[in-house]
Amino acid sequence: MADSADLDWTPEGAPVSRRFGDVYFSREDGLAETRAVFLAGCGLPQAWVGRPRFTVAELGFGTGLNIIALLDLWSRHRPPGGRLSIFSVEAYPLSRADAARALAAWPEMADLAARMLAVWPAQTPGFHRVSLDDLGVSLDLAAGDAADALDRWSGDADAWFLDGFAPSTNPGMWCDAVLDAVAARSAPGARVATFTVAGAVRRGLQARGFKVDKRPGHGRKRERLEAVAPDGPRTRPPGRIVILGAGIAGQAMARALRAQGLAPLVIEAGQPGAGASGFPAALVTPRLDAGDLTLAALYAQALERAGDLYRAVPGAVLSEGVLQLAAAARDPARFDKVAAQPWWGGALMALDPAAASARLGLAVDAHGLWMGPALALAPAAVRMAWLKGVEVRSGRAVGLEPDEGGWRVRLADGPAIVADAVVITAGWGTIDLLPGPGLAPVAGQADWSAGVAPPAAVAWGGYAVPTGEGVLWGATHDRGETAPVPSEAASARNLAMLEARLPALAAAVRDQPGQRRAAVRATTPDRLPLCGEVPGAPGLWVLGGLGSRGFCVAPLLAEHVVARLTGVPSPLPTDLAARVAPDRPGAGTVPFIGGSGSRAHPLGACSGEP
């Protein structure tokens, strides 16, 4: 957990910070003060008129009152099709219960407060994204130090709410490093508003190029500050965007682009989900890392975002929680370390064999790690929801060429398609689309039958996952195989693997009629995804190499790609984004495309995410 707020409450019911000896707001006029100081101080709503995308950054999330007031204004004055991105930093997050108690002072805001409380960000360290899709709003809350959070943020704010506690009691939020970051992360013409007129803040903003003015304060405060950054040109998002492949990576890309009001074209050689994304059930589990904390934080954030999005899809979640069984002697100690990592907030629990058996409802002879936020998922439900209303065209790409600032996709049948940007989400098919990124194939067969299922999903290298109608188990793991054929021999291997870990379940499915399916997943040398713009090929992007964690990482990484494409803030901190960049060390060589030595690029079949 991040350091939580240490609160007292006034007799009128307003929260007071014991740490800083100051109120979060005045119960009598806190909402009016927010509207006067921050909303009007940043020229809202006029500043977003005619702007399809607008970003507000805030230092001092507190009770969320500023953001709820902003949402109220946005809901009444949203530009047609407008999208609002919000980034807020809070070193000492309030619990949902404390926020609800504080916000109850404003009954006129009850509906929006209830909506915000329903998606209240976690108190654990790091970045947390929540969405209000019907309003076109995304909120990224960074729980932690302001200077560190801003250093890791990739957005550019059009408006700033500087609302930390007073500089005299909270100097760290107004230090040079924070003001440097505010200046660096300001869009052309950005507006800054704050209640303080402290000389160090005023001079600090002026020294960083802002035009600063004192304005009449609100209530008992005599003055406040408004500031404006130098103006300049703004970037525009691409027009037509083509996605190559309709597995979970392509589906997540389509959803994220639609959330930004864009209409992508998806090209798929087979049926959506024809590859490894098309089994009757899938595990949504993180990669567990006891030593590399940056990597562990990446998967924790990905799992949190994936869970929020999947739970919003009717029928998508088959069961909550996954039991990971120890597969090596070192695993119990490793589970203890992973469960203690701060971003899990107690949601992961290391279990002895007896406790693991009780949790699963089946006898096991190994220690386990119960992953409460992990899921068993119905991929078909996600596929239907995320591709609904998206243009999906059947076709096989056979060439890709630079074309006047964009890309031309040549198809085996039909005319070529010209796009401003192309995103390759083709799983193992990426190796034909983009030779050289160091991808390797891993083929796997899984089996399933109806009638019996474990109470919860369980994994150990193999897995047994409830499907809603029965159980899916497997899978074989054949490196280097690119064209697997389902076979009795592979089914026998899967059954033997199941019998070794869950003999009662294996006995129950042994004589049941079942089905089998094989597919290929793509992995990278360092077992991390490829996510970002291809070096030397502006407008060409890749989201692939997801391996066995595709359903966990695809939703967050797709939002990262879309953010970079459209110029909105990414939900992914910059240090985590560097771990999945296509040109990172250990990812394999990604070719430079479109230079003088390569004007055309052959493409193979786009088969989803096999």
How close do [X] and [Y] get, counting heavy atoms only, and between which atoms?
| X | Y | result |
| --- | --- | --- |
| V390 | P264 | CG1-O, 4.0 Å |
| W344 | L303 | CZ3-CD2, 3.9 Å |
| L439 | G545 | CD2-CA, 3.8 Å |
| T467 | L472 | CG2-N, 3.6 Å |
| M253 | A558 | N-CB, 3.7 Å |
| Q301 | L572 | OE1-CD1, 3.9 Å |

Does [X] reach the main-chain N or O of [Y] with its side chain, forming a donor-acceptor pair under 3.5 Å?
| X | Y | answer |
| --- | --- | --- |
| R359 | L323 | no |
| E90 | F61 | yes |
| R287 | S548 | no |
| R96 | L117 | yes |
| N494 | T476 | yes |
| R311 | G307 | yes |
| D478 | G444 | no |
| R305 | L556 | no |
| R255 | G250 | no |
| Q512 | W448 | no |

Compute the centroid of each ring, for W473 and then for Y463, and state whether the two points are separated by less than 6.0 Å.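 They do not qualify: ring centres at least 6.0 Å apart.
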How about [X] and [Y]: do any of their side-chain heavy atoms sit closer than 4.5 Å?
| X | Y | result |
| --- | --- | --- |
| P466 | P454 | yes |
| T430 | V542 | yes |
| L298 | T294 | no |
| P569 | W153 | yes |
| R129 | P555 | no |
| W541 | L565 | yes |
| R521 | L546 | no |
| L495 | V509 | yes |

Can you tell me how far the [atom1] atom of [X] sits from the [atom2] atom of [Y], to the nearest 0.5 Å?
| X | Y | atom1 | atom2 | result |
| --- | --- | --- | --- | --- |
| T574 | R152 | OG1 | CZ | 7.0 Å |
| L318 | L375 | CG | CG | 9.0 Å |
| I248 | F551 | CD1 | CZ | 4.5 Å |
| D140 | S85 | CG | OG | 7.5 Å |
| L94 | R101 | CG | CZ | 11.0 Å |
| L434 | L530 | CG | CG | 8.5 Å |

Output, in order, the C-alpha distance, side-chain angles, deciding distance and verdict of side-chain contact (heavy atoms from CB on, under 4.5 Å) for L150 and L59. CA-CA 9 Å; L150 291 173; L59 301 185; 4.0 Å; yes
So that I can tick it off, tell me whether [Y] and [X] are bridged by a salt bridge, with the cut-off set at under 4.0 angstrom between side-chain N and carboxylate O.
| X | Y | value |
| --- | --- | --- |
| D331 | R334 | yes |
| D447 | R517 | no |
| E533 | R564 | no |

Counting only heavy atoms not in M349, do more than 12 fall under 6.0 Å of its CE?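 It does: M349 CE has more than 12 such atoms within range.
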Begin from the C-alpha positions of L288 and L369 and carry the test side-chain contact (heavy atoms from CB on, under 4.5 Å) through to its verdict. CA-CA 10 Å; L288 303 175; L369 181 69; 3.6 Å; yes
Do S491 and Q445 have side-chain atoms, one donor and one acceptor, less than 3.5 Å apart?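 There is such a pair (donor and acceptor under 3.5 Å, judged by atom type) between the side chains of S491 and Q445.
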Have S449 and R510 got a donor and an acceptor in their side chains that come within less than 3.5 Å?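 Looking only at side-chain atoms, R510 and S449 do not form any donor-acceptor pair under 3.5 Å.
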Is the ring pair W386/Y310 parallel, tilted or perpendicular, if the boundaries are 30 and 60 degrees?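 Parallel, since the angle between the ring planes stays under 30°.
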One pair to check against side-chain contact (heavy atoms from CB on, under 4.5 Å): F87 and R185. What are the steps and the verdict? CA-CA 11 Å; F87 178 74; R185 304 304 332 161; over 6 Å; no
Answer yes or no for R549 and Y299: cation-pi contact, defined as NZ/CZ to six-membered ring centre under 6.0 Å and angle to ring axis within 45°.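 No, cation not above the ring by the 6.0 Å, 45° rule.
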side-chain contact (heavy atoms from CB on, under 4.5 Å) evaluation trace for R584 with D526: CA-CA 10 Å; R584 68 184 183 270; D526 59 6; 2.8 Å; yes
